[in-house]
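Here's the structure, in structure tokens; my notes come after.
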Amino acid sequence: MTGSGRDLGSVPDLAPNGATPLLEAQGVRVTIGGTEILRHADLRLEAGELVAIVGPNGAGKSTFARAFCGLRKPTGGTVRWSGVDVSTIRGRRLARLRAFVPQRAQVPNGVTVKDAIAIGRSAHLKPLQSFSAADREAIAGATARARLDGMEDRQLNTLSGGELQRVQIAVGLAQGAPVLVADEPTAQLDLGATAAVSELLRDLVHDDYGIVLIVHDLALAAAVADRVVVMSDGRTIATGPPVEVLSKEMIGEVWNVEAELISHEGRSGLHVEWLGRT
Amino acid sequence: MTGSGRDLGSVPDLAPNGATPLLEAQGVRVTIGGTEILRHADLRLEAGELVAIVGPNGAGKSTFARAFCGLRKPTGGTVRWSGVDVSTIRGRRLARLRAFVPQRAQVPNGVTVKDAIAIGRSAHLKPLQSFSAADREAIAGATARARLDGMEDRQLNTLSGGELQRVQIAVGLAQGAPVLVADEPTAQLDLGATAAVSELLRDLVHDDYGIVLIVHDLALAAAVADRVVVMSDGRTIATGPPVEVLSKEMIGEVWNVEAELISHEGRSGLHVEWLGRT
Amino acid sequence: MVALLAAVGASLALGAVKIPLGEVIDILTGKDAPGPATQIVEVLRLPRTVEAILVGAALGVAGAILQGALANPLASPDVIGVTGGAGFGAMLIILLRPEDIGLLPVSALVFGLVAAAMVFSIGFSGASGGGVGRVILAGIAIASMFAAGTAALIAAYPDRVPSGIFFLVGGLTSDGWTDLEIIWPYFAVGFVLAVFLVRPLDRLMLGDDVAASLGSRPRAIRLTAAVAAAILASAAAAIAGLVAFIGLVIPHIVRLAGGTNNHTFVIPVSALGGATLLVAADTLARTVRAPIEMPVGPFMVLLGVPVFLWLLRRVV
Amino acid sequence: MVALLAAVGASLALGAVKIPLGEVIDILTGKDAPGPATQIVEVLRLPRTVEAILVGAALGVAGAILQGALANPLASPDVIGVTGGAGFGAMLIILLRPEDIGLLPVSALVFGLVAAAMVFSIGFSGASGGGVGRVILAGIAIASMFAAGTAALIAAYPDRVPSGIFFLVGGLTSDGWTDLEIIWPYFAVGFVLAVFLVRPLDRLMLGDDVAASLGSRPRAIRLTAAVAAAILASAAAAIAGLVAFIGLVIPHIVRLAGGTNNHTFVIPVSALGGATLLVAADTLARTVRAPIEMPVGPFMVLLGVPVFLWLLRRVV
Amino acid sequence: AEPAQAKSQRIVALTPFAANTMALLGVQPKAVGQTLGGDRRLLPVLSTTRVLPLSHPNGPNLEQLAQIGPKVVFSSPRWAKGSEGMRQLGIKVIQADPKNLGAVYRQTRMISRVVGRQKKGRQLVRRMRKQLRKKTANIRRRPKVMLILGVGRTPYTFLGNSWGGQLIKRSGGRLLTGGATASGGFARISDETVIAENPDVIIGVPHANTEDIPAMVEYIKNNSAWDSTNAVKNDRVYVSTDNSMLQAGTDVARVIGKIRKNYLNNR
Ligand SMILES: Nc1ncnc2c1ncn2[C@@H]1O[C@H](COP(=O)(O)OP(=O)(O)OP(=O)(O)O)[C@@H](O)[C@H]1O
Ligand SMILES: Nc1ncnc2c1ncn2[C@@H]1O[C@H](COP(=O)(O)OP(=O)(O)OP(=O)(O)O)[C@@H](O)[C@H]1O
Ligand SMILES: [Mg+2]
Ligand SMILES: [Mg+2]
């Protein structure tokens, strides 16, 4: 699979310059209905970097992602995209900065795979404008990358769990933004598809995309991420290269599980004490 | 975590005897809208056994599970629960035979965790009958096993992805049937919760439950399953002990990925060539 | 419960003719001699109050059941064609054969049930039969058909329309026990079905797959629920015309107030709430401008909507 | 498109008075001398056909937009209070101030918009404001209020109700360009908004999160869609009364026929379909029992429901 | 029905026709009905009689009625829904709201039987027939008349079998469309037909107040579909706000005389 990379996206309105990172979130806090769900979360993303966010259920990963993507107003802290405060960016400009693939998909009736991907691209169009050849190419590229060729005319509500998740990714890809934020895009995917998505993400990184991947599979995170951010109880508690951060101690402390990343013939695998025989 | 086991369930109407297995599905076929989705699937489950069904997206795992649980009428083949044809079993009798935890959850408004688990138990009641002390104990047991204590009054639609999945499992547990069929119950779970679910499942097996687990994580399947069934393209193509079935060759053939199960200090981990550097 | 009792008391005690509460109690306990007062209480007020209780409860339950079975907050007896059918059946009598007005309840009941049956025969057939989408679409088609029939009748007999209005806007009348004597079995069947539907509807909330796993058949539940709602709503329409408000709004009020969608709570409380609202509104409608009787709808709204809006503001 | 043109041709050519098609064309191209035939075509048939096209298209679009924005197949202009408001506005004039009958379209329009505005102010406020559930509940509350108001008016002036029938059952009239001269800007605004809503509504189908990710604001889209639908439906009610069928059924027919929910397809085709159906049904209503004009509703149902049921049987 | 002693009998008359007939027969009803906002067309002798407000659907308030305790109620199909309740109260309900001239005579005789004044009843009918003959004599002109019910752009036209249509025919007018009939007695007539048939007189029965008549006339004249008709051109558009065109009374001859004089210019 070769990266047609930048062809997918158009040049963003706010071109990143060397100094400011693509995304910088500091001390983000979110309160829902009186309880503080996100207490203090930081994130920094450069172009050409894949950051994985890991952490237990309910740690606030999805909430954090929604906040720094501008989908939910934080109650505190700052989020800057290429130095610009996210609350001042709107509509298509925001859509061209980042694509967000949510954790829970809505499965509408009467929508085909092709339609859904085209809708993802529509963020690029001015009202009334119709798809250009470049747009159509981006749609075809996203379809191919998500390995959905031949499924274009299937209705979303007849897809298997994994197929649906690939469509979600394709929708995000068609958007063609330089940053892709994906909230557990591989939860329902089989091993092969997960590997394909991993390759795809690395390809995108190679083409200077910035990627935030929220994921539970620590082995996968370790394999694809340049940097891992660990969240726990509403806070980002560690950040750094996978091998450093995902130590046996950290895993034991945060996830309460006896597990270790072990490398074998250059491939790392997570060896977990599943049945707590300790 | 200790297994209160059989307390959860009541004695099924159709008690298994030594000869007939709890569940036996042979040559099951399912056709939807003219296309044959399930071509030929076999499964045999004994009490005290955990069988994992693995296979790529769209292989027909969910369809097979729905068919042998009596949720969808197969177009061919036979499904017998303790020797009785599934199509002749109805209503509460079927509900006491097996619990099914579906892949895609519906998230209703205005339902609390406690309510949902109680609904799972309601399959045990005659119309108009109300919960007995034993029922309430089963509900409390299911809540505790799914680690949902303290969350009883939360609304389902405010839960995180992983929390929701634990509720689904708890609903199935409250049902108290001797067979639990779970379709990817750990897809959204964190490492700790996955380990907890694994332990829970093994506990149940220890208490003579029969369990069918559909799962993408081969390392997990290998660790918890007594037997693994591989599905591909609508067929069950292999069955046997994990280490035999999940060979490097099988994985390469079915999932099209370079990966290997490697044991280290008694824990096996899956070492995957994520980025296809082959 | 207390509210219902208070409403019932008021309903029996108040009316165009003043009868002291003590006398009302004497009459009800059979202590009072026959006379106009006895006649008013026994022949007019008592049956009417009983009708109000039954109709209000039936509509509350029908709405709650349907909103549960179709998982749609806009569901109401309209949706399964009952309102359209009953309206047509009533107009047929009122406009076309006013001399047979005694047949009105029967005609409304029969056409309400026929319309519902048509909706079910379309909605529950075919591959996706029994799915929420199909039932809703079938309901739309059939309801439109009967609405068109009603429109045709109304347009043909404009001078008789004022007589039909009371049915279309809904309201109770004082006419002794005759209607109830015919209709009560339908209420009975509907309420009994509703009781047995409480748990299955709860299961349906968790999705068709979970419900099936718990031993229920989602299609069968949906059909039974729709049938029960059709029976209750048709019976209610036969007695009180088209009182749309209760079936649509009461279950929402109950859900908002209770903070839960559990049918174990929603269905019985909707019955109570519907009965209370209708009894109270009918008492107001009879007394506010006595001896003129006003339509009951505005009073239901007057009592119900403020509560609804207040809950909406607080809870959601 | 062809069907619409055929319907328009028939609408212009047919009527209670027979005018040969050749003469109709001559009149339209200005070749014919003034006379009764010219008057009939120019003052009666042409404006009425134009009205039918606009009203049909407006209702089709309003329904399609609302069903999309609220993700509910039961959504129609009823749901955001427009029908209730417009009905109240019309009855206010017809029953309370019959001497000012000329104000009927304006009153219907204004009250339709007021009701919608009330729904929006409740539905789009608060923490969960703009969520589908809240908007629907607010719509139910406000629609009930206006329905109660209408019921109260009707009860107060029962004898005047026959005058209101044609508004309530809906239908076009032959009265030149006067109404359109006042109302056209509303149609214009509504249609323009609808065009800009096509893509945002498509995005909304994939869920609020995806829509937000694509740079849309779900609440804003929902509000704009509801406003556009309110304007279109109020304008339609001002001209043709309460024609419920089109807004509810046409979008479903279009979706079933096209096999897609894509708004790029559904919205324009609903406009075409609504216009075609209303023009055709109105032509039938005028001619079937000429010189008597029948209400248009039954004919829409006669033409629309068989298609709907046929599609339902085939596609779903 | 058994002839009864009228004065000692308790009778309530809900329709003006029944009340006036009773009065003409020399019997006072216990109470008379009056619709909400409706026009009272009662004879002066009835001015002191107790009035029961009528509202849909039952007509009178049944509690009030029970208190009065009548033996007989003269009602109308409009209040049919209330009949059952009245019967339950032990009241005999008799319909007395004629829809055509023949029924006026029949029901007059019927009322006279019920109140026990059969002889007076026969005299009354004879007198009515004679007056009618007088009022319908010497018809010279037969203008084409459009009689419309209601307000707005979509009024109904009275057909030949409606009460108003019969009055117009008796008064010498020709109804539009040759007086076609339909089961309800009313229909919308296509404006195209109006232009083609070109009525000489337009009479509106709008359910409005008397003081609104000029506004209503103005509105009818401004209907662009009708402005080419003789009626509008010759300023012969009238509005009648009482319900004499809608509901039969005992004064048929007087009403016909009024129509001929005021609207048809036929005397
Ligand atoms: N609307 C809400 N009301 C109350 N609590 C909420 C709401 N939304 C989220 N939460 C809580 O906030 C916490 C964080 O949720 P979030 O979805 O961000 O977790 P997460 O890290 O993504 O978890 P997972 O891995 O399970 O998806 C959870 O405990 C969740 O229950
Ligand atoms: N209603 C339907 N119409 C057409 N095809 C369907 C329908 N339901 C399922 N399929 C197809 O049947 C195949 C098997 O689906 P199934 O859900 O059983 O797969 P699965 O093995 O569970 O996959 P996953 O691991 O992704 O959940 C898929 O290709 C799916 O697209
Ligand atoms: Mg999450
Ligand atoms: Mg699956």
Side-chain angles (χ1 to χ4, degrees), chain C residues 70 72-75 78-79 122 125-129 131-134 136-145 147-152 154-156 158-159 161-163 165-166 168-171 244-245 248-249 252 256 293-302 304-305 308-309 312-313 316, chain D residues 70 72-75 79 122 125-129 131-134 136-145 147-152 154-156 158-166 168-171 244-245 248-249 252 256 294-302 304-305 308-309 312-313 316:
Chain C
L70 300 182
N72 193 314
L74 285 173
D78 279 30
V79 167
I122 300 169
S125 67
S128 66
V132 171
R134 197 181 169 93
I136 285 179
L137 293 183
I140 290 175
I142 300 299
S144 307
M145 263 176 52
T150 305
I154 285 181
D159 56 327
V161 167
S163 309
I165 290 294
F166 78 88
L168 295 178
V169 306
F245 185 75
L248 193 53
V249 175
H252 287 299
L256 288 174
E293 293 200 357
M294 317 257 290
V296 74
F299 290 96
M300 289 197 298
V301 169
L302 217 62
V305 164
F308 188 34
L309 290 180
L312 206 56
R313 205 157 269 280
V316 182
Chain D
L70 299 182
N72 193 314
L74 286 172
V79 168
I122 300 169
S125 67
S128 65
V132 172
R134 198 184 168 91
I136 284 179
L137 293 183
I140 289 174
I142 301 298
S144 308
M145 262 176 53
T150 306
I154 285 179
D159 291 338
R160 298 182 178 180
V161 170
S163 302
I165 288 172
F166 263 94
L168 294 178
V169 305
F245 186 75
L248 193 53
V249 174
H252 287 299
L256 288 174
M294 317 258 292
V296 73
F299 290 96
M300 290 196 299
V301 169
L302 216 62
V305 164
F308 188 34
L309 290 180
L312 205 56
R313 205 156 269 278
V316 182

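Below, read A as the first sequence line, B as the second, and so on, with proteins coming before strands; counting in each chain starts at 1.
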For the atom pair [atom1] ([X]) and [atom2] ([Y]), what is the distance rounded to the nearest 0.5 Å?
X: C/L137; Y: D/L312; atom1: CG; atom2: CG; result: 5.5 Å
X: C/L74; Y: D/N72; atom1: CG; atom2: CG; result: 4.5 Å
X: D/L168; Y: C/I165; atom1: CG; atom2: CD1; result: 7.5 Å

For [X], is it the side chain, the backbone, both, or neither that has a heavy atom closer than 4.5 Å to a heavy atom of chain C?
X: D/V296; value: neither
X: D/L309; value: side chain
X: D/M294; value: neither

Between [X] and [Y], what is the shortest heavy-atom contact and its length?
X: D/V305; Y: C/A141; answer: CG2-O, 3.8 Å
X: D/A148; Y: C/V301; answer: CB-CG2, 3.4 Å
X: D/R313; Y: C/R134; answer: CA-NH2, 4.0 Å

- Item | Any D/S163 side-chain heavy atom under 4.5 Å of C/P158 side chain |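 No, their side chains stay 4.5 Å or more apart.
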- Query: Among D/A147, D/P295, D/A143, D/A75, which has the most heavy-atom pairs under 4.5 Å with chain C?
  - Reply: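 Among the listed options, the one with the most contacts to chain C is D/P295.
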- When heavy-atom pairs shorter than 4.5 Å are enumerated against chain C, which of D/G297, D/A155, D/G139, D/S144 gives the highest number?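 Highest number of pairs under 4.5 Å: D/S144.
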- Give the member of C/P298, C/A138, C/A151, C/A156 that has the highest number of heavy-atom pairs under 4.5 Å with chain D.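 Among C/P298, C/A138, C/A151, C/A156, the one with the most close pairs to chain D is C/P298.
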- Message: Going by the rule side-chain contact (heavy atoms from CB on, under 4.5 Å), which residues pair with D/A244 if we only count those two or more places apart in sequence or in a different chain?
- Response: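 side-chain contact (heavy atoms from CB on, under 4.5 Å) check on D/A244 returns nothing, list empty.
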